[in-house]
Asker: 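Have a look at the structure that comes next, please.
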Amino acid sequence: MTADAGPTSVDATAGVDAIADTGPTRADVAGTGGPTDATGLRRLAVDTLDANWEHDHTVPSRTLYPHQWSWDSAFIAIGLAQVRPDRAWRELTSLFRAQWADGRVPHIVFNPALRVGAYFPGPEMWRSADVPGAPTVATSGLVQPPVHALAALLAYRRAPDPTGLAALRRLYPAFVAQQRYLADRRDVAGDGLVCIVHPWESGLDNSPAWDEPMAAVPAEAAVMSAYRRHDTAHADAAHRPTDLDYARYLAIVAAYRDQGYSDRDLAAGHPFLVECPLFNAAFGAAEHALAEIAALVGADPGPHRARAARITEALLRRLHDRGAGTFQPRDLRTDRLVSARTVLGLTPLILPDLPTRQADALVVEARSARFGVARRMDRPLPTYDRTAPDFEPLRYWRGPSWLNIGWLVRRGLLAHGHPELAAGLRRSMIGLVAGAGCHEYFHPDTGVGLGSPAFSWTAALLLDLLAE
Ligand code: 2M8
């Protein structure tokens, strides 16, 4: 298959019970554009990952995102571990080769072989070469949720051989440095949580969660006439962030870059400072994973367990909205929790030490009409409260369903004793790909495929779901 030439969208979120419940048997998927059985789905996923492999990493999409992305590589490694374990380790190794001297893992590692303009904003905007401690290869200066230690642990569990153990040994100090960067340099409020300095750091770029903090970022949509956006040449502009969003994204990048990406004095004037529940849940989950990796590589798990406990405690203290029964981002510029109910709030479920009371409340939120998680889901998990008046079923992270988020929530449901709900979510996610192919995201009502039709983390996480 050719990259970004996956099947087009169709409606089929039901009928995958045979795959979802009994493994690789023929499924009865009515009128679909995707494969109809587990073997076919696996083949599609492997073909998608193979087509997106680029010398030492996997691009998220050949057209929309032709470089290496940080959290994409982590999700991708989880799937690769099953079918191409050597590539799983190369994926993580190439990403961490671009780690900065201060420990930050950049959210984009640019492929120097690509032409200028292959992605916007490219290396000329980030200018990482001007920063002492940045790697030789051009990168962005932002980070993304630290899901890499967890991914490495899960990859090793799928392929527990000497090569994997050697890779864990090599990567362990890099994961520790990544966590140390976040703990030491990004705890802007001094409360034990990491602060993100750009919506791109959340991974959910234009989530309604960022509307309140973004409204305070001074920028005019008109500035975009000076630039050529790359994304809208490959995807419907109505499904992407707006020009005003992009104007603000660029203004925040410029502010951070012009300080040399230094995290000193952020509180004094950086235009976007938010504590995100997903980012911090990943930060805590990383310490839990590192405790297990430490035990495997002969290091001390104790400090990781202690840090994990402190992160969970800080999340509860700072981001838990008791009235709403969910977690909400905190805007550090106003010191207020944002009010939009997004799927970000459910993700602390991945923390195994989340107390039962708060975990139960999250399950209530997940099962509510806002998110519709059920044993038999009639619609996929949306990224935003589907009852909200500004729910947008087509626009990127403002409603559509994404496999990485479903995958995280499913892990959380399993961790907190809800196997039937986890099975319902799994069946729904497999049904999305069976219906539409390895799309980047999916219409949260119809399951129609949106964005890139050959998207790597969809393929990788599908492999992981099929293997369960
Ligand atoms: C999207 O973000 C990039 C910027 O980082 C973009 O829109 O150009 C997000 O979906 C992000 O979560 C993802 O890592 C990236 C690559 O798939 O694309």
Side-chain angles (χ1 to χ4, degrees), residues 3-4 48-49 52 54 57-77 79 91 95 105-111 114 117-123 125-126 139-148 151 196-207 209-210 224 227-237 239-243 245-250 252-253 256 272 276 278-279 282 342-344 347 383-384 395-408 438-442 450-461:
D4 277 12
T48 303
L49 290 172
N52 288 349
E54 180 60 52
H57 66 273
T58 310
V59 298
S61 145
R62 286 270 167 205
T63 54
L64 269 168
Y65 318 104
H67 300 282
Q68 182 174 27
W69 259 260
S70 170
W71 79 330
D72 296 63
S73 281
F75 292 125
I76 290 163
E91 183 84 41
L95 176 68
V105 179
H107 101 292
I108 308 174
V109 182
F110 290 103
N111 177 354
L114 294 188
Y119 174 77
F120 176 82
M125 179 73 68
W126 299 93
T139 74
S140 76
L142 302 174
V143 296
Q144 273 185 327
V147 286
H148 311 80
I196 59 171
V197 301
H198 195 296
W200 282 336
E201 295 203 312
S202 72
L204 277 68
D205 306 354
N206 67 339
S207 169
W210 317 135
M224 292 311 295
Y227 300 102
R228 182 189 292 242
R229 276 179 68 173
H230 165 85
D231 58 328
T232 42
H234 296 280
D236 190 331
H239 302 177
R240 294 284 309 175
T242 63
D243 271 359
D245 291 331
Y246 261 79
R248 288 177 169 143
Y249 295 155
L250 296 185
I252 306 171
V253 168
Y256 196 37
F272 184 94
C276 166
L278 189 161
F279 199 110
T342 71
V343 79
L344 290 165
T347 58
T383 38
Y384 183 36
R395 203 186 286 279
Y396 216 37
W397 293 100
R398 302 183 69 86
S401 189
W402 290 72
L403 243 67
N404 65 331
I405 296 298
W407 182 89
L408 287 168
C438 287
H439 271 267
E440 185 181 1
Y441 46 102
F442 301 86
L450 301 167
S452 163
F455 192 64
S456 297
W457 83 39
T458 302
L461 296 176

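Both ligands and their constituent atoms are indexed starting at 1 by order of listing.
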Asker: Does a side-chain N-to-carboxylate-O contact under 4.0 Å join D245 and R240?
Answerer: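 Salt bridge flag = no for R240 with D245.
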
Asker: Extract all N/O-N/O pairs under 3.5 Å that connect ligand 1 to the protein, and present each with both atom names and the distance rounded to 0.1 Å.
Answerer:
unit_1: ligand 1; atom_1: 2 (O); unit_2: D205; atom_2: OD2; d: 2.8
unit_1: ligand 1; atom_1: 5 (O); unit_2: W69; atom_2: NE1; d: 3.0
unit_1: ligand 1; atom_1: 5 (O); unit_2: H107; atom_2: NE2; d: 2.9
unit_1: ligand 1; atom_1: 7 (O); unit_2: D205; atom_2: OD2; d: 3.1
unit_1: ligand 1; atom_1: 7 (O); unit_2: R240; atom_2: NH2; d: 3.0
unit_1: ligand 1; atom_1: 7 (O); unit_2: Y396; atom_2: OH; d: 2.9
unit_1: ligand 1; atom_1: 8 (O); unit_2: Y119; atom_2: OH; d: 2.5
unit_1: ligand 1; atom_1: 10 (O); unit_2: Y396; atom_2: OH; d: 3.4
unit_1: ligand 1; atom_1: 10 (O); unit_2: W397; atom_2: NE1; d: 3.2
unit_1: ligand 1; atom_1: 12 (O); unit_2: W71; atom_2: NE1; d: 3.0
unit_1: ligand 1; atom_1: 12 (O); unit_2: G203; atom_2: O; d: 2.6
unit_1: ligand 1; atom_1: 14 (O); unit_2: W71; atom_2: NE1; d: 3.1
unit_1: ligand 1; atom_1: 14 (O); unit_2: D72; atom_2: OD1; d: 2.5
unit_1: ligand 1; atom_1: 14 (O); unit_2: Q144; atom_2: NE2; d: 3.0
unit_1: ligand 1; atom_1: 17 (O); unit_2: D72; atom_2: OD2; d: 2.7

Asker: Under the criterion ring-ring contact (aromatic ring centres under 6.0 Å, His included), which of Y119, F455, F110 is the partner of W69?
Answerer: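 Among Y119, F455, F110, the one that satisfies the ring-ring contact (aromatic ring centres under 6.0 Å, His included) with W69 is Y119.
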
Asker: Return each pair, listed once, that meets salt bridge (Lys or Arg N to Asp or Glu O under 4.0 Å) where at least one residue sits in residues 63-73; pairs must be two or more places apart or across chains.
Answerer: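 For residues 63-73, and leaving out neighbouring residues, there are no salt bridge (Lys or Arg N to Asp or Glu O under 4.0 Å) pairs at all.
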
Asker: What closest approach, in Å, do S456 and T58 show between heavy atoms, and which atom pair accounts for it?
Answerer: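 Shortest heavy-atom contact: OG-CG2, 3.4 Å.
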
Asker: At their closest point, which heavy atom of C276 faces which heavy atom of I196, and how far apart are they?
Answerer: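 Shortest heavy-atom separation between C276 and I196 comes out as CB-CD1, 4.1 Å.
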
Asker: Regarding H148 and S73, do their side chains bring together a donor and an acceptor under 3.5 Å, going by distance alone?
Answerer: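 Judged by distance alone, the side chains do not pair up.
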
